[in-house]
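The structure under discussion appears below in the form of structure tokens.
Because the structure is predicted, anything quoted here is derived from the model rather than measured.
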Amino acid sequence: MIEIDGRTIGADEMEATLGRVAAQAGLESGGERVAARFRDTADSLAFILAARRAGATLLPIHPALPDEGARRLAQRAGCHRLFLDGLTGERLDGAPAPVPGEGELLQMSSGTTGEPKCIARPWSSVEREIESYVAAFTAPNGMTPVIACPITHSYGLICGLLVGLRRGRAPVVLDTANPKYLLRRLREIERPLLYTSPALLHTLARLLPEGEPIHAAMTSGTLLPAPWFSAIRGRVVHLFQQYGCSETGCIAVNPDLQRADAIGRPLPHHRVRAGAGAGEPAEIVVEGERGTVHTADLGYLQPDGMLVFVARKDDTINVSGLNVYPGEVEDVVMAMPGITDAVAFAKADAFAGERVMLLFSAEAPVPPRALQDWCRRWLAGHQVPVEAVQVGAIPRQANGKISRREAAERYRSGTLEAMT
């Protein structure tokens, strides 16, 4: 049983729907790649589950993407057919010949450090991830998964919905457009476990009446900035963190998040390598059934097995040979009263090679000099932004991540307007 925006879909109705969708859409194993973009959540979910059952290779596309954008994405992923809000697929030109084999879940990487690329994971690999996740992460047993994030992304689809079903719970899928509605629904659900973006979780924590908690929440996609973490930790009884990437799925889970960078203990079906300690971070490398995956994230493993995140490898700013991790700068900036968001990235410098550049948003105008003076109270000289620019809003992706590359490019191109 699944509930979608207040409508309960029973097991018998779901079974009939999956059979009808698979038959009308011609979903089957055999190597053909299909893509689907449905604006209606129930239709989207039915198509995904039907493709999974049939062993078809599927690229789920975010419902907000327009037809032309969906078509371009499907062609980039090498899809043969595209379904747009219906079960009659259109043929796409230029797709390679189908390669017979096991059906796969196709996903586009986030593109935070480069062009998004298509990642293919066999459905059997997804099943092993679900089994490992359920076996190792038992804290949510008895909780109701509430998915307030896209089910076209692995976080909502696999870790929220499919894991919830495997635990024998009835997942609740909710529209995220209205945070107040989301809070009302959480009050009506017994022992809810909320899967959502860090940005929305922070908004909910701020909207909650004093003394009212959220039973449980999972955060993923990006580390919570220190001020956000403090606000959320104080309002959520059971706060979880998970870490993963498109190539491997979920890598680690923290069942009791007490510090934002403690991203979890590796799931048993992975072997994870990282740095030896806080002073020696190294790239997080995952070895599993599909080979070795280099995550481009820096971190280290504590003696108790906890994986600690330090920074994206490509985001590290090198100031005269000294490493600056942007998250450290952003946490200090966002602790300044009135600052609402911030992103730091590298700016070329003739003398130091690189210096710290900062974009920030605030409730009211903040003089750059005042912000730099604040930073000097907490940061070393090479960590202090050489330039700080106030903008209307920091661009974030749908999953709450900040793409530093995108923010930097938008600012340099003039599409991210500075506030005077």
Query raised in the report: Any salt bridge between Glu68 and Arg72, counting N to O under 4.0 Å?
Result: no

Query raised in the report: Say you draw a straight line from CG of Asp5 to CD of Glu3; how long is it, rounded to the nearest 0.5 Å?
Result: 8.5 Å

Query raised in the report: Salt bridge check: are Asp67 and Arg37 linked by an N-O gap of less than 4.0 Å?
Result: yes

Report task. Let me see the working for Glu212 and Arg187 under salt bridge (charged side-chain N to carboxylate O under 4.0 Å, His left out), right down to the final yes or no. Result -> CA-CA 10 Å; Glu212 180 181 342; Arg187 296 183 185 110; 2.5 Å; yes

If you look only at distance, which donor and acceptor atoms sit under 3.5 Å apart when one is on a side chain in residues 16-27 and the other is two or more places apart or in another chain?
{"residue": "Thr17", "atom": "OG1", "partner": "Glu13", "partner atom": "O", "Å": "2.8"}

Query raised in the report: Do Arg377's NZ or CZ and the ring of Trp374 fall within the cation-pi criteria of under 6.0 Å and 45°?
Result: yes

Report task. Ignoring hydrogens and angles, state whether a donor on the side chain of Thr144 or Arg169 is under 3.5 Å from an acceptor on the partner side chain. Result -> yes

Report task. Using atom types as modelled and distance alone, determine if a side-chain donor or acceptor of Thr196 lies under 3.5 Å from a backbone N or O of Ala148. Result -> yes

Please report, to 0.1 Å, the donor-acceptor pairs under 3.5 Å made by any side chain of residues 260-277, with sequence neighbours excluded.
{"residue": "Asp261", "atom": "OD1", "partner": "Arg259", "partner atom": "NE", "Å": "2.7"}
{"residue": "Asp261", "atom": "OD1", "partner": "Arg259", "partner atom": "NH2", "Å": "3.2"}
{"residue": "Asp261", "atom": "OD2", "partner": "Arg259", "partner atom": "NH2", "Å": "3.0"}
{"residue": "Arg265", "atom": "NE", "partner": "Asp304", "partner atom": "O", "Å": "3.3"}
{"residue": "Arg265", "atom": "NH2", "partner": "Asp304", "partner atom": "OD2", "Å": "3.3"}
{"residue": "His269", "atom": "ND1", "partner": "Ser132", "partner atom": "OG", "Å": "2.8"}
{"residue": "His270", "atom": "NE2", "partner": "Cys250", "partner atom": "O", "Å": "3.0"}
{"residue": "Arg273", "atom": "NE", "partner": "Glu287", "partner atom": "OE2", "Å": "3.1"}
{"residue": "Arg273", "atom": "NH2", "partner": "Glu287", "partner atom": "OE2", "Å": "3.1"}

**Report entry** Carboxylate-amine/guanidinium contact Glu247 Lys117, below 4.0 Å
**Finding:** yes

Query - Side-chain (Gln302) to main-chain (Leu307) donor-acceptor, under 3.5 angstrom - result: no

**Report entry** Heavy atoms of other groups near Asp256 CG, more than 12 under 6.0 Å
**Finding:** yes

Query raised in the report: Between Trp228 and His202, what is the ring plane arrangement, given parallel below 30°, perpendicular above 60°, and tilted in between?
Result: parallel

Requested in this report: Count the heavy atoms belonging to other residues, nucleotides or ligands that lie under 6.0 Å from CD of Gln258, then report whether that count exceeds 12.
Outcome: yes

Query raised in the report: Could you go step by step and tell me if Leu105 and Ile48 meet the side-chain contact (heavy atoms from CB on, under 4.5 Å) rule?
Result: CA-CA 9 Å; Leu105 174 64; Ile48 294 170; 5.6 Å; no

Query raised in the report: Would you say Leu182 and Lys180 make side-chain contact, with heavy atoms under 4.5 Å?
Result: no

Report task. May I ask you to decide if Ala364's main-chain N or O and Gln390's side chain share a donor-acceptor pair within less than 3.5 Å? Result -> yes

Query raised in the report: Can any side-chain N or O of Thr219 pair as donor or acceptor with the backbone N or O of Gln241 at less than 3.5 Å?
Result: no

Requested in this report: Kindly check if the number of other-residue, nucleotide or ligand heavy atoms within 6.0 Å of CD (Glu363) is above 12?
Outcome: no

Query raised in the report: Is Glu354 reaching over with its side chain to a backbone N or O of Asn318, donor-acceptor style, under 3.5 angstrom?
Result: yes

Report task. Begin with the C-alpha distance, continue with both residues' side-chain angles, and end with the deciding distance and a verdict on side-chain hydrogen bond (donor to acceptor under 3.5 Å, both in side chains) for Gln242 and Tyr133. Result -> CA-CA 10 Å; Gln242 69 178 57; Tyr133 192 99; 2.6 Å; yes

Query raised in the report: What's the spacing between Met14 CE and Thr8 OG1 if we round to 0.5 Å?
Result: 11.0 Å

Report task. Hey, could you give me the CD1/CG distance between Ile4 and Asp43, rounded to the nearest 0.5 Å? Result -> 9.0 Å

Validation: residues 89-96 side-chain donor-acceptor distances under 3.5 Å, sequence neighbours left out:
{"residue": "Glu90", "atom": "OE1", "partner": "Arg71", "partner atom": "NH2", "Å": "3.0"}
{"residue": "Glu90", "atom": "OE2", "partner": "Arg71", "partner atom": "NE", "Å": "2.9"}
{"residue": "Arg91", "atom": "NH1", "partner": "Glu32", "partner atom": "OE2", "Å": "3.2"}

Query raised in the report: So Asp297 and Tyr243, side-chain hydrogen bond (donor to acceptor under 3.5 Å, both in side chains) or not? Walk me through it.
Result: CA-CA 11 Å; Asp297 291 331; Tyr243 164 75; 2.7 Å; yes

**Report entry** Step-by-step side-chain hydrogen bond (donor to acceptor under 3.5 Å, both in side chains) determination, Arg33 to Thr57
**Finding:** CA-CA 5 Å; Arg33 290 187 167 200; Thr57 295; 5.8 Å; no

**Report entry** Lys/Arg N to Asp/Glu carboxylate O, Glu283 vs Lys313, below 4.0 Å
**Finding:** yes

